[in-house]
Amino acid sequence: MSQPLPLFQTILLERRERLLVVTLNRPDALNAVNLTLHDELPEALTFAATDPASDVILLTGAGRAFSAGGDTAHMEHNAANPHLFDHEARQAKRIVFAMLDIEKPVVCRMNGHAVGLGASIALLCDVIFAAEGAKIGDPHVGIGLVAGDGGALVWAQRIGLAKAKEYLLTGELLSARKAAEIGLINHCVAPEELDGVVEAFCSKLLAGAPNAIRWTKVLTNMELKRIASAVMEAGIAYESLSVRSDDHREGIAALKEKRAPRFTGQ
């Protein structure tokens with residue numbers, strides 16, 4: 001008998017035979033990351049990694065978005081109380097390493113926008129299928145933050161240092177089609193075709209030799225894990241510094257007021 005699925009407030013787990021579906025489940029907030037999701041996601045990923053009843057993991061979002069990044073009200077609260085961010089910085093590091101430690105293949109069904117930490121989560125998956133019309137990007141700098149929670153790690157590994165710097169230093173969002181063209185994600189498909197294409201690919205993996213697939217993934221992740229070990233501590237430290245800055249508070253205010261930020265370097 002398979003192990004019962006744990007229950008979370010912000011994440012749904014579902015078994016489809018040997019496929020484990022992990023769904024970010026704050027649809028009314030576009031699956032933006034709040035404190036609860038920060039805390040629950042590493043636990044859900046750890047369960048998924050060790051679940052003996054599944055061989056492939058599908059990661060997606062409920063509703064219209066994959067994940068819109070940080071919850072605005074939550075970020076505003078942290079900006080006013082920056083010591084609270086330190087816990088979440090550690091949780092972000094746990095999320096990154098939990099993603100990298102999963103030996104099973106992780107397929108991303110990017111049903112809508114993936115922004116900030118949401119983009120990092122998507123990009124740490126092994127194969128990414130996105131719906132046309134979705135956008136992906138890491139606009140940390142747009143709110144005066146360092147892209148320390150995974151962006152500086154994974155973008156360069158997917159598209160090379162030059163392009164990664166272009167997008168991380170500007171915070172530009174890319175269309176799913178553009179992201180597929182430059183190799184940031186694997187495939188951009190019509191929204192009505194997304195489920196069928198993802199199901200077919202997961203079925204192909206499930207029909208394969210589980211250990212051969214897992215160990216091949218382990219090998220291909222070794223270099224990424226080495227880089228993560230080198231940069232994540234510094235990334236979290238720099239982001240923790242930037243969350244205490246005037247520029248970050250200005251970035252949050254501008255986001256709420258729907259205006260361009262006026263950064264001062266303070």
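Just so we're clear, the structure is a prediction, and the values are computed from it rather than from any experiment. Counting begins at 1 with the first residue of the sequence.
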Exercise. For the hydrophobic clusters of this structure (ILVMFWY residues joined by side-chain heavy atoms under 4.5 Å, transitively), does one cluster hold both Ile236 and Met75?
Worked result: no
Exercise. According to a 4.5 Å side-chain heavy-atom criterion applied to Ile, Leu, Val, Met, Phe, Trp and Tyr, with indirect links allowed, do Val198 and Leu184 form part of one hydrophobic cluster?
Worked result: no
Exercise. If we only count heavy atoms from C-beta on, is the Leu37 to Asn25 side-chain gap below 4.5 Å?
Worked result: no
Exercise. Could you walk me through whether Thr10 and Glu40 pass the side chain to side chain donor-acceptor pair (under 3.5 Å) check?
Worked result: CA-CA 7 Å; Thr10 62; Glu40 290 187 336; 2.6 Å; yes
Problem set entry | Atom NZ of Lys104 with >12 non-hydrogen neighbours under 6.0 angstrom | yes
Exercise. Near Leu169 CG, under 6.0 Å, is it more than 12 heavy atoms from other residues, nucleotides or ligands?
Worked result: yes
Problem set entry | Sidechain-backbone polar pair: Asn221 side chain, Leu224 backbone, donor-acceptor under 3.5 Å | no
Problem set entry | Closest heavy-atom pair and its distance - Ile136, Ala119 | CG1-CB, 3.8 Å
For this session: May I ask you to decide if Ile143's main-chain N or O and His248's side chain share a donor-acceptor pair within less than 3.5 Å?
Result: yes
Problem set entry | Check: Gly61 main-chain N/O paired with Asn111 side-chain donor or acceptor under 3.5 Å | yes
For this session: Applying salt bridge (charged side-chain N to carboxylate O under 4.0 Å, His left out), run through Glu166 and Lys163 and close with a yes or a no.
Result: CA-CA 5 Å; Glu166 176 183 349; Lys163 285 190 175 69; over 6 Å; no
Problem set entry | Stepwise salt bridge (charged side-chain N to carboxylate O under 4.0 Å, His left out) check, Glu172 with Lys135 | CA-CA 10 Å; Glu172 179 183 346; Lys135 292 185 177 181; over 6 Å; no
For this session: Report yes or no: does Glu239 contribute a side-chain atom to a donor-acceptor pair with the main-chain N or O of Ala89 at less than 3.5 Å?
Result: no
For this session: Give a yes or no on whether Glu17 atom CD has more than 12 heavy-atom contacts from other residues, nucleotides or ligands under 6.0 Å away.
Result: no
Seminar exercise, completed: The single option from Leu205, Thr23, Val106, Leu19 that satisfies side chain to side chain contact (heavy atoms under 4.5 Å, CB included) with Leu58 is Leu19
Exercise. Any chance CZ of Phe97 has more than 12 other-residue heavy atoms, nucleotides or ligands included, within less than 6.0 Å?
Worked result: yes
Exercise. What do you reckon, is NZ of Lys178 surrounded by more than 12 foreign heavy atoms closer than 6.0 Å?
Worked result: no
For this session: Report whether Ile57 and Phe129 are members of the same hydrophobic cluster (ILVMFWY, side-chain heavy atoms less than 4.5 Å apart, transitive linking).
Result: no
Exercise. Using 4.0 Å as the upper bound for N to carboxylate O, is an ion pair formed by Arg109 and Glu199?
Worked result: no
Exercise. Counting only N and O atoms by type, is there a donor-acceptor contact under 3.5 Å from the side chain of Thr50 to the main-chain atoms of Thr46?
Worked result: yes
Exercise. Are Val107 and Ile11 grouped together when hydrophobic residues (ILVMFWY) are joined by side-chain heavy atoms under 4.5 angstrom apart?
Worked result: no
Exercise. Honestly curious: do Met232 and Val33 fall in one hydrophobic cluster under the side-chain, below-4.5 Å linking rule?
Worked result: yes
Problem set entry | Least distance between heavy atoms, Phe263 atom then Gly142 atom | CZ-O, 3.4 Å
Problem set entry | Test item: Leu13 and Val22 side chains (from C-beta on) under 4.5 Å apart, heavy atoms | yes
For this session: Using side chain to side chain contact (heavy atoms under 4.5 Å, CB included) as the criterion, point out the one residue from Leu206, Val56, Val127 that pairs with Phe201.
Result: Val127
Exercise. Is there a donor-acceptor pair closer than 3.5 Å between any side-chain N or O of Asn31 and the backbone N or O of Phe66?
Worked result: yes
Exercise. Looking at Ala180 and His187, what are the two nearest heavy atoms and their distance?
Worked result: CB-C, 4.3 Å
Exercise. Can Glu250 and Arg259 be counted as an ion pair, charged N to O under 4.0 angstrom?
Worked result: yes
Problem set entry | Sidechain N-carboxylate O distance under 4.0 Å for Asp86, Arg244 | yes
For this session: Can you label the angle between the Trp155 ring and the Tyr167 ring as parallel, tilted or perpendicular, going by 30° and 60°?
Result: tilted
Exercise. Does a side-chain heavy-atom distance below 4.5 Å link Arg90 with Lys93?
Worked result: no
